[in-house]
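Just so you know, ligand 1 is whichever comes first in the structure, and atom 1 is the first atom listed for that ligand. Nothing fancy with the numbering, it's 1 onward along the sequence.
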Amino acid sequence: MEFKILKLEVTNKIALITISRPQALNALNSDFFAEMDEMLNQISANKEVRAMIITGEGKAFVAGADIAEMSNMNSEQGKAFSKKGQDVFYRFGNMDIPVIAAVNGFALGGGCELAMSCDIRIVSTFAKFGQPEVNLGLIPGYAGTQRLSRLVGLSNALYLLMTADIINADEAFRLGLVQKVVEPEKLIEEAINVANKIGAKGKIAIKMVKEVAIKGSMLNFNLACELESKEFGNLFSNGESGEGMNAFLEKRKPNW
Ligand code: CO8
């Protein structure tokens with residue numbers, strides 16, 4: 001596939017995806033989802049890659065789903081477009097590696113939903129977040145109604161979903177929507193630092209801690225704890241945990 005919207009650079013085992021349709025503030029259209037699906041296939045197939053970072057070109061991370069494309073849709077097409085976006089974004093959570101959103105500017109509507117589908121959000125002081133769909137007579141369609149409340153609590157989520165307020169990076173940090181706010185010129189550097197920090201841990205442990213945390217957040221507490229015990233136990237059957245614990249006891253760095 002020829003990529004027209006997404007750019008990929010793999011450096012030192014980190015895949016950096018840049019969404020590049022700045023003339024439309026990187027709005028998400030059908031081509032975007034087709035390209036992202038294929039790019040995720042390629043990155044997942046590359047076992048060298050230890051982390052993935054997603055950022056946007058220009059003044060937006062993503063200013064939402066493409067309103068021009070949506071304006072011609074009927075109910076069936078709207079539902080399919082919503083489902084396609086949900087499915088593609090869901091794949092970030094299923095990846096074995098950390099997926100980091102490096103939010104450079106507007107992350108509105110589908111852009112906020114994209115950022116929320118990533119594991120971690122590192123953002124520039126220029127970042128702005130919001131779910132302004134009700135201004136258009138719509139609601140979020142890429143799981144924003146569900147992920148926002150899981151990240152910031154139902155009361156904050158309802159406030160943002162119903163007022164359509166656009167909040168800045170500091171307010172997003174205060175609400176727990178983002179993990180770090182940095183100067184714009186430091187954004188990618190900081191995202192890479194976080195990626196490297198995680199990349200230095202045991203690969204299987206990172207895959208499993210992500211899987212158990214994400215899956216567990218969708219289960220009731222007892223089932224989630226059962227899942228945790230099961231996967232905790234499974235980690236003893238691979239060499240990685242043996243090396244990690246031996247390294248501690250021998251006062252050296254693990255050699256994964
Ligand atoms: N879709 C399509 N084009 C867009 C979008 C968008 N979401 N956002 C901006 N653009 C385009 C503009 O139309 C404009 O194009 P042109 O130059 O051809 O007129 C260009 O990008 C630049 O935008 P502006 O001139 O508006 O730039 P400003 O700096 O003045 O304003 C804003 C920036 C505030 C971000 C403004 O562009 C804006 O409000 N954008 C729309 C934000 C929005 O409402 N987002 C939510 C969209 S709905 C959504 O995401 C639903 C997700 C779930 C979908 C489920 C499937 C059905």
Side-chain donor-acceptor pair under 3.5 Å between R174 and N156, yes or no?
no

Decide whether V62 and F129 are clustered together by the hydrophobic rule: side chain heavy atoms of Ile, Leu, Val, Met, Phe, Trp, Tyr closer than 4.5 Å, transitively.
yes

Identify the residue among E211, K207, K210 that makes a side chain to side chain contact (heavy atoms under 4.5 Å, CB included) with M95.
K210

Considering only N or O atoms, set out every pair between ligand 1 and the protein closer than 3.5 Å, with distances to one decimal place.
| residue | atom | partner | partner atom | Å |
| --- | --- | --- | --- | --- |
| ligand 1 | 1 (N) | A65 | O | 3.4 |
| ligand 1 | 1 (N) | I67 | N | 2.9 |
| ligand 1 | 7 (N) | A63 | O | 3.0 |
| ligand 1 | 7 (N) | A65 | O | 2.9 |
| ligand 1 | 29 (O) | K59 | NZ | 2.5 |
| ligand 1 | 45 (N) | A63 | O | 3.0 |
| ligand 1 | 50 (O) | A65 | N | 2.7 |
| ligand 1 | 50 (O) | G110 | N | 2.8 |

Donor-acceptor contact below 3.5 Å, side chain R21 vs main chain I5:
no

Kindly assign one of parallel, tilted or perpendicular to the pair F89 and F33, based on the angle between their ring planes and the thresholds 30° and 60°.
tilted

K253/E243 under salt bridge (charged side-chain N to carboxylate O under 4.0 Å, His left out): CA gap, chis, key distance, verdict:
CA-CA 9 Å; K253 283 200 167 163; E243 169 60 12; over 6 Å; no

